[in-house]
Structures are given as C-alpha cells and as structure tokens.
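Here's the structure, in structure tokens; my notes come after.
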Amino acid sequence: MLRGIFRTKNLDDILASAQEEGHKLKRTLGPINVTLLGIGAIIGAGIFATVGTAAAGDAARPGAGPSLMVSFCITAIVCAFTALCYAEMAAMVPISGSAYTYSYATLGELVAWIIGWDLILEYAIGNVAVAISWANYFRSFIHDAFGIDIPQWLSTDFRTARKIPGLIESAPHILGVPIVFNLLALGIVMLITIVLVWGIKESAQFNAVMVGIKILVLLFFITIALYFVSPSKMAVNWQPFQPNGWGGTLAGAAVVFFAYIGFDAVSTVAEETKNPSRDLPIGIIASLVICTVFYVVVAAVFTGLIPYHELVRRLSTEQAEPLTMALNHVAPNANWASAIVAFGSVIAHTAVLLVFQLGQPRIFFSIARDGLLPPVFAKVHPKYKTPHVTTILTGVIVGLFAAVMSIDEMVDLTNIGTLFAFVLVCVGITILRHKDPNRHRPFRVPLGAWFLPMLGAVSCLFLMYYLPPSSWWRFVAWLMIGLSVYLSYSYTHSAIGATLGRPRVTPGWLALLALGSFLIAVGLLVLPHNMGLAELRNQFSSGFAEGKQTIIAVGSIGIGFALSAIAAIVGMTRKTAD
C-alpha cells in the first residue's frame, strides 16, 4: 500500500549527498577533539546525580549498595558492544546522521525515520532533563559559594513549585496567575545555542576546557575523600557488598546507564572530522574506556564514604547530589570542598548540554537532507558552516521545555529511546556485513558479524526490561506521533520517494491514517500508566465521573484505530500506493 517504505539508501549516494554545495560542513576536528567530545558528553549528570539513587534504590528498584562498582562495569560492557558497532558504522559511513543514517543504509526509510525520531528522546528530551538538573546545581552552587539566593520561582517549573509549600503564593502574580518558570535552565540552553552556531571548532575548544575542569574536580573528590577516610575504613563500608543481591546490582546497572549516554554523540560530528575513518573509532572507544575507569573509582570512593545503611535513610533530594552529600557526611565542616564539587557538577552539566545540543541539530540536518523534513532544516550558515537553522530550532524547543517541564520521568524516557537506537545499530552491523560484504571497513567489530553485535542488541534489550512500564507506554506513544509526521509529510517529500513515483501531495487517505496514529498516541499518553489491566477495566466501567481519564484515553485509542482502518481500506481500494 505504501511504496518503498523499506527501500534502503545506497551508501555511495549517502556519501555523495554530504558533498553537495550548500549542505557541506567544515572538517576541523582531530582524534583528541573527538575523544574530548565523547568525554564531555558522558561525564555529566549521570555520575554527579544518579549514583546516589542507584546505590540506595527507591520504591521501584532495589539498591546496588557497594556493588555499584559492578553495576558500572556491567553497563560499560553493554555499551562497549554497541560502541564497537558505532565505531564500524561511523568509520564506514562518516555522515552526521548517526544511527539514523546507518539505519537508512541497512533497514530502510521507515525504520530510519523511526530511529531518527527516536533519537530526539536521547538528545533533545535528554537535554531538557540535563538543563533542569543544571539549574538545580547552579542555584545550590551560587548559594553555597557566594551566599546568594536565586528566587525559586525563577528556577523551578510549575509542577514542582506546587509541591513546595508557600512557593506559589510567594511568586509574583499577573492577573492572578503566578509567574513560575525555570529561567536558569532556559538561559543556559540559549547560551549553549549561541556557542554552537558560532562554529564547531570553537564549540570543541569550549568543550575541551570544561572536560579538563570536570576531570580535575573528580580527581579532587577522590583525593579529598581518601584524605578524610582511609582505604581500610572504606573497605569496611563496602560490607555487605550486595545488600540486595544481583537484583540490586542489575537494577543499578539500568539506572546508571544514563551516565554512559553520550559516546554515540561522537558519531554526529563525522562530517566535521578531518579523518573520520581513523578518528571516530578512536574517539568513541577511548572516551568510553576513560569514563568507565573514572566511574568505577568514583563509585568505590562514594560507597566507601557513606555506608549503605546510612545512605538508604537519606532523603531523595540529598541522594540527587550524592558526591556533596558523601563529603558532608565525613567532613561536615568542609564546605569549601563541597562547593568545589558542586562547581564541577555545574561544569559537567554544561559540557553534556553542549555535546547533546550539538548532536540533535545534526540529526535534523541529515533527515532534512533526505527530504523527510522541510529543506530549510538542511541549510548551512554561509560564514560559520554550521547547521544554524536546526541548531537555533533545537535550542528554542529545548529551552522552552526546560523552562516549564519537570525532570520527573525524563531520565527513564531518555534511557529507553537510547537503548532502542543501540539495538538497531547493532542489528544493522550484521545486516550490512551480509548485504555489502566487500565495502571497505576501516574499523571492524571483532569476532565476526554475529557474536558481538547480537550480544549488544540482547544486552540492550535486557536493560530496557528493567525500565518502568510507564516508560514503555510513553515510548510507544512517541513513536506513534513520529509515524503521524512521517505519513503526513515525510512519505510524500522523501528524496527516494521522488524516484519511486510517490505523490508529491499527501493523499486524503494518508492524512487520515496520520490522524489515526496521532489519536492513538494521545490515548496512550492520557492513559493512567500506574494501573494494571484490571484497574483500568474497573475505571472504565465506573462511569465518566470516576473514570474520566481512562474513558477519554480508551476512546481516543479506539477512534484512532477506527480511522486508521478506514484509511487503510480506502488506500488499498484506490491503489494510490503499492
């Protein structure tokens, strides 16, 4: 019914499109720049924020305790399988589209669109969470270092503000409406956007400075911790090593996966790397190895500073700033040390914002170059040679969302989107090895086309299993929204579609199918995610007064499926597409 939706794009055509005048990026980065970009993306909110929750656990997950060290190793191994696959793809197809481009070459247009849409969860939605976390740390740092209190109504979203007693009442009001938004998160995103439009070389230099600072801060944390607590005392606090068994260790691995997100962002600068076939594998693998060493050492020191039985008694707000909490536990009067670590966290968050904000526009850029998004998204700045339109667009969207959204559920949603992208890249390696075995591969995943790629895909699916069900509901809804966009615009504007004779204007039946997909997504988002099937059935049968949310959700899903079925029948009848 739909013509050529699984048609792959020839690798030679993909490489040729990157050389078209007006769509060509400037190659200025070397292996050190690329490695530092990887470290800049990886060491950030994860190590400075997730280790507390991962070690202590919460209502939904058991804590890893001192076995957090093993959790980091498990996640590193999972990421290593995928990193090798990314390295082979990036060296063979040095294009800025990352997993989107690789999927287009191996799995076809529709899958490529899905993965490109999915990557928005990793880069854009993930950056919303990082920007909000940055604002929290920056506010704490300014207070601890300089005694300045930034008003909470200028550094908090409305949903969170409602949970803070007296904040809504004390905020300024205009026509009776309280003014509450996260100006700090919006401001840092806008600043990063300006730097990225300025130029890739300048962005890389800015990142290199921040990477140096945050590595020094982590070394400071390790050194000062060893000064206050001897290694023998730390060894005592490592008992029991697995307070919740392997269940806690594996749950911790799923949580700290967020700390590893970013090594794949290196592949988005492929078109701006001097020698991508050499530099990209070096950058991807080296950044992962260096960060893993830091993570394991920091986890060992953190769990050695504060024993597990003490950690679980701490508030979740304290666990959200784990390194400063651990220092305050062993040296409550060393405020200067906590201030330095807090400063390092601010810098680390800034570096992650920079690299992720760099990656997302280049995904949009590559998608637009293939015709799946409007051509304005594929423009390059005549002076700076950066994709300025998509960079500014991404900055505005991320900044506005960061100003008003809560950080709740952002991490899990980012994790599931990223893991899904990793699965497709791993599968793509196996497909491309058999589909195009003679193509030159400057870097190859060792041990053949099946073993390590399939281990990578299975291990990523394993971590996805440990994510909460609500993440799956939202993930499917997000993909349905993406399908709606593809059907209503991308299908008829695709560059490959033009060669296959697709209609240039979206037919009515296809627009109806897109509307059906969108209504299904709305229903999935509205549906209460904390209820089982029996509870949802009871809510639905209890009447509109009590089960309004469930009834609206089920109704939207039902109408969506009905419209999709009608559209499919009309499409087959008219034979608009094969």
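This one's a predicted model, so the numbers in the text were calculated from it and none came from an experiment.
- In this structure, the side chain of Q242 does not engage the main chain of S67 through any donor-acceptor pair within 3.5 Å.
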Verdict with supporting geometry, I114 and Y486, side chain to side chain contact (heavy atoms under 4.5 Å, CB included): CA-CA 9 Å; I114 290 172; Y486 175 79; over 6 Å; no
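- Of all the heavy atoms in F302 and A55, the pair that sits closest is CE2-CB, 4.1 Å.
- Annotation for R7: atom CZ does not count as buried by contact number, only 12 or fewer foreign heavy atoms lying within 6.0 Å.
- To the nearest 0.5 angstrom, T350 atom OG1 is 4.5 Å from I188 atom CD1.
- For the residue pair W478 and W117, the shortest heavy atom distance occurs at O-NE1, 2.7 Å.
- Classification of the H493-Y489 ring pair by plane angle, with boundaries at 30° and 60°, yields parallel.
- A donor-acceptor pair under 3.5 Å links the side-chain atoms of S71 to the main chain of T249, judged by distance alone.
- The CD1 atom of I429 sits 12.5 Å away from atom CG of L424, with the distance rounded to the nearest 0.5 Å.
- Residues S517 and L483 approach most closely at OG-CD2, 3.7 Å, considering heavy atoms.
- S484 contributes a side-chain N or O that, together with a main-chain N or O of A514, makes up a donor-acceptor pair within less than 3.5 Å.
- Checked options I284, L84, L280, L432; the residue passing with M89 is L432 (criterion: side chain to side chain contact (heavy atoms under 4.5 Å, CB included)).
- Annotation for R362 and P387: closest pair NH2-CD, 3.7 Å, computed over non-hydrogen atoms.
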Candidate pair D370 and Y100, rule side chain to side chain contact (heavy atoms under 4.5 Å, CB included), full reasoning: CA-CA 11 Å; D370 292 328; Y100 158 78; 2.6 Å; yes
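- Rounding to the nearest 0.5 Å gives a distance of 6.0 Å between CG of L196 and OG1 of T391.
- The distance from the CD1 atom of I192 to the OG1 atom of T394 is 13.5 Å, given to the nearest 0.5 Å.
- In this structure, V485 and F518 have side chains that are not in contact, with every pair of non-hydrogen atoms separated by 4.5 Å or more.
- Using a 4.5 Å cut-off on side-chain heavy atoms (C-beta onward), V427 and C85 make no contact.
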Working for side chain to side chain contact (heavy atoms under 4.5 Å, CB included), residues I496 and Y104: CA-CA 11 Å; I496 281 185; Y104 215 149; 3.6 Å; yes
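- Taking 4.5 Å as the limit, some side-chain heavy atom of W113 sits within range of a side-chain heavy atom of I367.
- I282 has its side chain out of reach of V34: every pair of non-hydrogen atoms, C-beta onward, lies at least 4.5 Å apart.
- Between atom CZ of residue F451 and atom OG1 of residue T430 there is a gap of 12.0 Å, rounded to the nearest 0.5 Å.
- For the pair L288/C79, a side-chain contact is recorded, criterion being any heavy-atom separation below 4.5 Å from C-beta on.
- No side-chain heavy atom of L216 sits less than 4.5 Å from a side-chain heavy atom of F220.
- One finds the CE atom of M210 at 11.0 Å from the CG atom of L36 (value rounded to the nearest 0.5 Å).
- Contact check for L218 versus V297: no side-chain heavy atoms found under the 4.5 Å cut-off.
- Looking at F443 and I285, their side chains come closer than 4.5 Å, going by heavy atoms from C-beta outward.
- The heavy-atom pair separating S490 from L372 by the smallest distance is OG-O, 2.6 Å.
- Of the possible donor and acceptor atoms, one in the side chain of T75 sits under 3.5 Å from a partner among the backbone N and O of A253.
- The minimum heavy-atom distance linking A64 with G252 is given by the pair CB-CA, 4.3 Å.
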Trace of the side chain to side chain contact (heavy atoms under 4.5 Å, CB included) decision for Y491 with T506: CA-CA 8 Å; Y491 175 77; T506 304; over 6 Å; no
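- Under the 30°/60° scheme for interplanar angles, the aromatic rings of F422 and Y86 are found to stand perpendicular.
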